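Some notes on the structure that comes next.
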Amino acid sequence: MELKLYNTLTRKKEVFKALDDSHVRVYACGPTVYDKIHIGNARPLVVFDVLVTMLRATYPKVTYVRNITDVDDKINARAAERGISINTLCDETIAQFRKDTNALLVNAPDKEPRATRHIAQMIAMIGQLIDKGFAYAAEGHVLFSVAKMGDYGKLSGRSLDEMIAGARVEVAPYKRDAADFVLWKPSEEGLPSWDSPWGAGRPGWHIECSAMAAEYLGKEFDIHAGGLDLIFPHHENEIAQSRCAHDTAHMARYWLHNGYVTVDGEKMSKSLGNFTTVAEALSAHRGEAIRLALLSSHYRAPFDFSEQLVKNTQIILDKLYRAAALNNAKELISEAEQLDAEFMAALSDDLNTPLALTRLQALASEANKGSREAALQLVSCAKHLNLLNDKNWFRSEDEDSLESKEIEAQIAARNAARAARDFAQADEIRDRLAARGIRLLDSPDGTSWEKS
RNA sequence: GGCCCGGUGGCAGAGUGGUUAUGCAGCGGUUUGCAAAACCGUGUACAUCGGUUCAAUUCCGGUCCGGGCCUCCA
């Protein structure tokens, strides 16, 4: 099936064509590890997880690289503020990041390179840019000369003139052009520093992605993804560095950008302080519900986060789980061609997850009416979104746990009372269980239970 | 100042030049000893003003409103 993706570079939806059908290569910008991620940071992680899943279903080999930025002013500042070492801060933050992403059921990328372990590649790339005349050294800095690149600004759709007109570009005395950006800069005393031909210092923000993408994916690769706020300057500058260093027409063929998570219509951001960390959200909601909530609007549209929305999503998820449990639908329809065509068509159309979810709900409805095929499709399709995998969704305990056994005993007692038409006793048992959050579901086949 | 998005029923949210999704909530019903779950029924919404058209929520233009980027940001 054709996969269509909206390409920021062309501002159009395009049919995805791999550069090499035997190996698709994808890069996404990962976290700067100075603090916990928030829901806004989680959106691209979840959305591009679905993208990669789709690609893996179609192509024999996919390499998905998502970097970790571990050299940054914010990291230095935070470590100093907390009185801990930069390493400790990074290790701690990365551990939390893994916890959060696991809870959101995000698959690990194939490669997760750290910036500090690729300084040599960055220095080499900066050297190439200087040799080719695209960069210059000045006062311990190395800067990229935007004027040397003919079509700088293509991704973000702005011309150099426009940017100058914006007049918000930092002007530094060592810059030839106000729009030139840093490739290498001196480090302050006591902060991380590496030797380089231009003096001790550290890399600029953008060069790490260019260097690591080239290292693991080659000079040109298929897809580069990230949040809307990275288009300019980050991705624009990555493109400049990579194309000029490698003499290529493209860095990536397709550039994908997710929309913002908003709160009451405003962008969720650290600086505005209107954020909910994933860890906080997880203390109130299940990870899978948060994941589905994030997928319940189209990835390019704004997603307004609220407690109510996640609660609502949990209700939907409960319904899907109930339907999936029908007919004991455990086996999977594995071949992509046999999967529900409408579901796959929705996902293939620029990852239309809300429409795909609608289809899941329709399948659930058919399953409830007795279609085993629909139940199997439901479980199999949900796999593409990494949903409905939790065997204990309605049970916090394993089936043979003490609590489960105790509940089963209560149910047996209630059913005995019902058989004896002692409804007062039966209702009392049910109410007692309900008070513990345990819901009984009577059916012709017997009584099952759910814990909420 | 420059540039870019978007405005769909109570809420969420797709989509389309004409047959006006879907879900949640609500209401009515079926089922159930009672509940729960499930099922059935029930809502002509597409900011506004013009234009194009036989026909526009969908195309074009203006207006209003909201959001964003131009500085760290997913």
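Values in this document were obtained by computation on a predicted structure and should not be read as measured data. Within every chain, numbering begins at 1; the chains are lettered A, B, ... in the order of the sequence lines, protein sequences first and strands thereafter. Side chains are part of it too, since the values below use all heavy atoms of this structure and drop only hydrogens, waters and symmetry mates.
Side-chain contact check for A:T262 and A:D264: no donor-acceptor pair (N or O, by modelled atom type) lies under 3.5 Å. If you check the side chains of A:E288 and A:Y321, you find a donor sitting under 3.5 Å from an acceptor. No hydrogens or angles considered: nothing links the side chains of A:S348 and A:E2 as a donor-acceptor pair under 3.5 Å. Counting only N and O atoms by type, the side chains of A:T277 and A:H38 include no donor and acceptor under 3.5 Å apart. Looking only at atom types and distance, the side chain of A:N389 has a donor-acceptor partner in the side chain of A:K383 under 3.5 Å away.
Put simply, the side chain of A:R430 and the base of B:C34 share a donor and an acceptor less than 3.5 Å apart. The base of B:A25 has none of its N or O atoms less than 3.5 Å from a complementary donor or acceptor on the side chain of A:N312.
Proximity note for A:T358 (side chain, C-beta onward) versus B:A21, B:G23, B:A14: the nearest is B:A21. Looking at the side chain of A:T32, the nearest of the listed nucleotides B:G13, B:G23, B:A74 is B:A74.
Here A:S443 lies out of heavy-atom contact (under 4.0 Å) with every strand. Across all strands, A:H257 comes closer than 4.0 Å to no nucleic acid atom at all (heavy-atom distances). If you check every strand for non-hydrogen atoms under 4.0 Å, A:R414 touches a base. Within 4.0 Å of A:R43, counting heavy atoms only, lies no atom of the nucleic acid at all. Base engagement by A:L441 is indicated by at least one non-hydrogen atom pair under 4.0 Å involving a base atom. Within 4.0 Å (heavy atoms only), A:N368 reaches sugar-phosphate atoms of the nucleic acid but no base atom. Looking at heavy-atom distances under 4.0 Å, A:D442 makes contact with a base. Backbone-only engagement by A:L230 is indicated by non-hydrogen atom pairs under 4.0 Å involving sugar-phosphate atoms exclusively. In this structure, A:R418 reaches the bases: a heavy-atom distance under 4.0 Å links it to at least one base atom across the strands shown. The residue A:G40 sits close to a base: some heavy atom pair falls under 4.0 Å.
Rounded to a whole Å, the CD atom of A:Q308 is 13 Å from the P atom of B:G13. The distance between atom CD of A:E428 and atom C1' of B:C34, rounded to the nearest whole Å, is 15 Å.
The pairing partner recorded for B:C11 is B:G23, the criterion being a Watson-Crick or G-U wobble arrangement whose two distances lie under 3.5 angstrom. In this structure B:U53 sits in no base pair that meets the Watson-Crick or G-U test at under 3.5 Å. Of all nucleotides present, none satisfies the Watson-Crick or G-U wobble test against B:C34 with each distance under 3.5 Å. Partner assigned to B:C69 is B:G2, using Watson-Crick or G-U wobble distances below 3.5 angstrom.
Phosphate contact (OP1/OP2 of B:G23, side-chain N/O of A:K319, threshold under 4.0 Å): absent. Look at A:S365 and you'll find a side-chain N or O under 4.0 angstrom from OP1 or OP2 of B:C39. In terms of phosphate contacts, A:K270 brings no side-chain nitrogen or oxygen within less than 4.0 Å of OP1 or OP2 of B:A74. Side-chain nitrogen and oxygen atoms of A:R322 include at least one within less than 4.0 Å of the OP1 or OP2 phosphate oxygen of B:A38. Dashed line: the shortest gap from a side-chain N or O of A:K311 to OP1 or OP2 of B:C24 is not under 4.0 Å. Contact annotation: A:N352 side-chain N/O to B:A14 OP1/OP2 distance is not under 4.0 Å.
In this structure, A:Y299 and A:Q361 both approach RNA chain B, and ranking their closest nucleotides by distance from the 5' end singles out A:Y299.
No donor-acceptor pair closer than 3.5 Å links the side chain of A:R114 to the backbone N or O of A:N67.
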